[in-house]
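As structure tokens, the structure follows; a few thoughts come after it.
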Amino acid sequence: MSDENLKSNFIYDIIKEDLASGKHQSIVTRFPPEPNGYLHIGHAKAICTDFGAAIDFGGTCNLRMDDTNPSKEDTEFVDSIQEDIKWLGFNWEDRLYYASDYYEKIYEAAVELIKKDLAFVCDLTPEQMREFRGDLQNPGKDSPFKTRSIEENLDLFARMRAGEFEDGSKVLRAKIDVTSPNINMRDPVLYRILKIHHHRTGDEWCIYPMYDFAHPLEDAFEKVTHSLCSLEFEDHRPLYNWFIENVTLPAKPRQIEFARLNLTYTVMSKRKLRKLVEENFVNGWDDPRMPTLCGMRRRGYPATAIRAFIDQIGLAKRDSIVDFALLEHFVRTELNASSLRFMGVFDPIKVVIENYPENHVEMMTGINNPENENDGTRQIPFSRELYIERSDFMEDAPKKFFRLTVGSEVRLRYAYFITCTSVIKNEAGEIVELRCTYDPATKGGDSPDGRKVKGTIHWVSANHAIDCTVNQYDQLFTKENPEESGEDFIANINPDSLTVITNVKAEPAVAELAGTKPFQFERTGYFVKDSGSEGLVFNRTATLKDSWAKEVKKS
RNA sequence: AGGGGCAUAGUUCAGCUGGUAGAACACCAGAUUCUGGUUCUGGGUGUCAUGGGUUCGAAUCCUGUUGCCCCUGCCA
């Protein structure tokens, strides 16, 4: 990519500079997820940033499972993570790495620090360590074990590895500065004892390195040049650099932090997402209302839309909340270009065309996708009895209502002009049927006399309609920021985030074509077949923009 | 209170070495349209957090202030 077309952000500025100055000939980045949960749209920002920078500058990006805490991790997640990244369209080729593959080297690094008198084995309990650490106002105090000899530390650390001590009884700590105003520098823990089975190394290890120690080493082993992470690690950077300086390493990576993605009407933290799943506020991690990548995939969001979205939001250091409408914009843009079109009636009223012959059926030709001729056409059966959308008829219609009212003429898409002559109601006063007449000369939807109609509405033939089920998804939360001013986000869950409609009346073509790719129910929205259901079950990906709804809201 | 960060349209971001601000989305108005969709045209809605300073000239440089975020796991 040429420089002019490159997006402008502070990280790209740094990379350009490093390349121009000759500090690096080419760049290496990495995406380092911990395999302890499902990826969400926030991770997509990191993925697009890490892989994207490598692509834009002709470098490489590694995928690295940061599996240093066996108590939380599982192979289930290493599989789903790879699936999601592939789906987004990124390729790590043969560069799939695991922190656990470096355990021996990380151990050696710890030994090197001990030998340099820069690390020691500490017997303080977690509670004691907290006391000794001090707090934001007060400096910490040295551990009484900090004075152990190098030989004793070497011996003790080897025995920690050998499994001689119980979980929590000892840790290895760096000797830095317990009085540092940066709490991360107050002799941080390097290794802890965890007699837990690891999903890859099994029972080979009972001591595991902490993130702060392992991460800079992993980056250096892989000769990562730019290690991109989120803002909360800014305070850890001095520690990151301390390890890079004090351990003998093949490279000196640079950590750069950027702001995470936040989106309106959703939550992004793992803890909160887990709560939604575990307490059944949603139906699993891939529930289409979830901001997880698997959820969005099931919802029908195209990967290309997510990438375009991430591209648009930019990269910076300030905390922000991106408008969900921007994501939807890219989803609609993508889907408008690629979706098949069908007609489906969600809330039917029966229409009888009084002057149309009984038992007669005509086939009308519909265009499958006006944005792409190659998608061809289909045949749609038309007959005397039809269904139209309840909202497409009004008895006392305002002037701007361009749909069906008594005495007005509208076009039935791809069929005829019809005029409503009367309304039939039940005892409760509800409309149960509309009687209409059609103009035979308008077949196909055009009038030979050049007469115009203000509205075009969709329809299905009552006898030919097939029933399908539609999951109508809406925002999971009622507030842009569900945890505004410390509110419990659970209290702001939208009770109407899912509406299931079991008897949507659809044209027959839906049965054969709608399962193959995303489609649009014309005038309604975009849909995909639900991957978790049998039969004709569709998830609403997004509604179409609706300027009439806006008009109604105004008055 | 200590440390680390961040403040530019409603929102997310551009704005390089100083020349009174732009994009996308959102929003408003109109045109086109056999989807009230799409497309097209027009509209900037801003004390560049704030006070002071340097300068002919400051969103850009210096400085004071305020606001917001993060940090006291043997999590990452």
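On a predicted model such as this, the values are computed, not experimentally measured, just so you know. Every chain is numbered from 1 and lettered A, B, ... according to where its sequence line falls, protein lines coming before strand lines.
Going from the P atom of B/rG44 to that of B/rA21 covers 13 Å, rounded to whole Å. Nucleotides B/rG3 and B/rG46 place their C1' atoms 34 Å apart, quoted to the nearest Å. If you take atom C1' in B/rC61 and the same atom in B/rU17, they sit 12 Å apart, rounded to whole Å. Comparing B/rG22 with B/rC16, their P atoms are spaced 13 Å from each other, to the whole Å. The gap from the P atom of B/rU11 to that of B/rA26 amounts to 15 Å, rounded to the nearest Å. The C1' atoms of B/rC40 and B/rA76 are separated by 50 Å, rounded to the nearest whole Å. With C1' as the reference atom, B/rG53 and B/rC13 are 30 Å apart, rounded to whole Å. Across the P atoms, B/rA49 and B/rA14 are found 15 Å apart, a figure rounded to whole Å.
Base pairing annotation: B/rU32 forms no Watson-Crick or G-U wobble pair, as no partner gives both donor-acceptor distances under 3.5 Å. When Watson-Crick and G-U wobble pairs are counted only if both distances are under 3.5 Å, B/rU66 pairs with B/rA7. Base pairing of B/rC48 is not made with any nucleotide, judged by Watson-Crick or G-U wobble geometry with both donor-acceptor distances under 3.5 Å.
Distances from the side chain of A/Asn336 to the nucleotides B/rA1, B/rU38, B/rC25 place B/rU38 closest. When distances run from any side-chain atom of A/Val171 to the nucleotides B/rC74, B/rU12, B/rC13, the shortest one goes to B/rC74. Picking from B/rA76, B/rG5, B/rU72 the nucleotide with the shortest atom distance to the side chain of A/Glu232 gives B/rA76. Comparing B/rC71, B/rC74, B/rU35 by their nearest atom to the side chain of A/Ile183 picks out B/rC71. Candidate nucleotides B/rC13, B/rU35, B/rA76 were compared by shortest atom distance to the side chain of A/Thr68, and B/rA76 ranks first. Considering only the side chain of A/Ala325, B/rC25 comes nearest among B/rC25, B/rG2, B/rA76. For A/Leu136, the listed nucleotide lying nearest its side chain is B/rU72; candidates were B/rU72, B/rA14, B/rG36. Distance from the side chain of A/Phe402 is smallest for B/rG36 among the nucleotides B/rA14, B/rG36, B/rU35. When distances run from any side-chain atom of A/Leu544 to the nucleotides B/rG37, B/rA76, B/rG15, the shortest one goes to B/rG37. Distances were taken from every side-chain heavy atom of A/Met210 (C-beta onward) to each of B/rC70, B/rU35, B/rA76; the shortest belongs to B/rA76.
Considering only side-chain N and O atoms, A/Lys550 lies under 4.0 angstrom from the phosphate OP1 or OP2 of B/rC27. Regarding contacts with the backbone of B/rC25, a side-chain N or O of A/His329 is found under 4.0 angstrom from either OP1 or OP2. Taking side-chain N and O atoms only, A/Lys317 has no distance below 4.0 Å to OP1 or OP2 of B/rA7. Taking only side-chain nitrogens and oxygens, A/Lys72 never comes nearer than 4.0 Å to OP1 or OP2 of B/rA76. Note on A/Ser547: a side-chain N or O is less than 4.0 Å away from OP1 or OP2 of B/rG37. Contact annotation: A/Thr456 does not reach the phosphate of B/rU33 (side-chain N/O to OP1 or OP2, under 4.0 Å).
Using modelled atom types, one side-chain atom of A/Asp67 and one backbone atom of A/Ala99 make a donor-acceptor pair closer than 3.5 Å.
To the nearest angstrom, C1' of B/rA76 lies 9 Å from CZ of A/Arg192. At whole-Å resolution of the value, CD1 in A/Ile193 and P in B/rC75 are 12 Å apart. Between the CD atom of A/Glu127 and the P atom of B/rG73 there is a distance of 11 Å, rounded to whole Å. Nucleotide B/rG36 holds its C1' atom 13 Å from the CD atom of A/Gln520, rounded to whole Å. To the nearest angstrom, C1' of B/rC70 lies 13 Å from CZ of A/Arg237. Rounded to a whole Å, the CZ atom of A/Arg130 is 12 Å from the P atom of B/rC75. Computed from coordinates, the A/Ile310 CD1 to B/rA24 P distance equals 19 Å when rounded to whole Å. For the pair A/Met185 CE and B/rG2 P, the computed distance is 20 Å after rounding to whole Å.
For the pair A/Arg403 and A/Phe393, the cation does not sit on the ring face, since its NZ or CZ is not both under 6.0 Å from the ring centre and inside 45° of the axis. Under a cutoff of 6.0 Å and an axis angle of 45°, A/Arg30 and A/Tyr97 do not form a cation-pi pair. For A/Lys141 and A/Phe132, the positive end sits near the middle of the six-membered ring, less than 6.0 Å away and at most 45° from its axis.
A/His458 comes within 4.0 angstrom of no nucleic acid atom, judged by non-hydrogen atoms across all strands. Among the heavy atoms of the strands, none lies under 4.0 Å from A/Arg186. Counting any heavy atom pair closer than 4.0 Å across all strands shown, A/Leu124 reaches a base atom. Nucleic acid contact class of A/Phe330 (heavy atoms, under 4.0 Å, all strands): none. Counting any heavy atom pair closer than 4.0 Å across all strands shown, A/Phe324 reaches no nucleic acid atom. Note on A/Asp135: a base of the nucleic acid sits closer than 4.0 angstrom, heavy atoms only. In this structure, A/Glu371 reaches the bases: a heavy-atom distance under 4.0 Å links it to at least one base atom across the strands shown. Residue A/Ile321 is in sugar-phosphate contact alone, with no base atom involved, counting any heavy-atom pair closer than 4.0 Å across all strands shown.
Remark: aromatic rings of A/Phe342 and A/Phe521 are distant, center separation not under 6.0 Å. Ring centers of A/Phe330 and A/Tyr301: at least 6.0 Å apart, outside the cut-off. A ring-centre distance under 6.0 Å is found for A/Tyr211 and A/His215.
Judged by distance alone, with hydrogens and angles left aside, A/Arg403 brings a side-chain donor or acceptor within reach of the base of B/rG36, the pair sitting under 3.5 Å. A/Arg318 contributes a side-chain N or O that forms a donor-acceptor pair with the base of B/rU8 under 3.5 Å. Not a single donor-acceptor pair, N or O on each side, falls under 3.5 Å between the base of B/rU72 and the side chain of A/Gln137. One cannot find a donor-acceptor pair under 3.5 Å joining the base of B/rG4 and the side-chain atoms of A/Asn182. At a cut-off of 3.5 angstrom, counting only N and O atoms as typed in the model, there is no donor on one side facing an acceptor on the other between the side-chain of A/Arg332 and the base of B/rU38.
Ion pairing between a basic and an acidic side chain is recognised when a charged N comes within 4.0 Å of a carboxylate O; A/Arg200 and A/Asp101 show such pairing.
Ranked by how close their nearest RNA chain B nucleotide is to the 5' end, A/Phe233 and A/Tyr526 are led by A/Tyr526. Residue whose closest nucleotide on RNA chain B sits further toward the 5' end, between A/Glu34 and A/Arg133: A/Arg133.
Between the side chains of A/Glu371 and A/Asn369, no donor-acceptor pair is found at a separation under 3.5 Å. Checked by atom type, the side-chain pair A/Asp74/A/His199 shows no donor-acceptor distance below 3.5 Å.
With centroids closer than 5.5 Å and planes inclined by less than 30 degrees as the test, A/Tyr211 and the base of B/rA76 fail to qualify as a stacked pair.
Within 90° of 0 lies the glycosidic angle of B/rG73, which makes this nucleotide syn.
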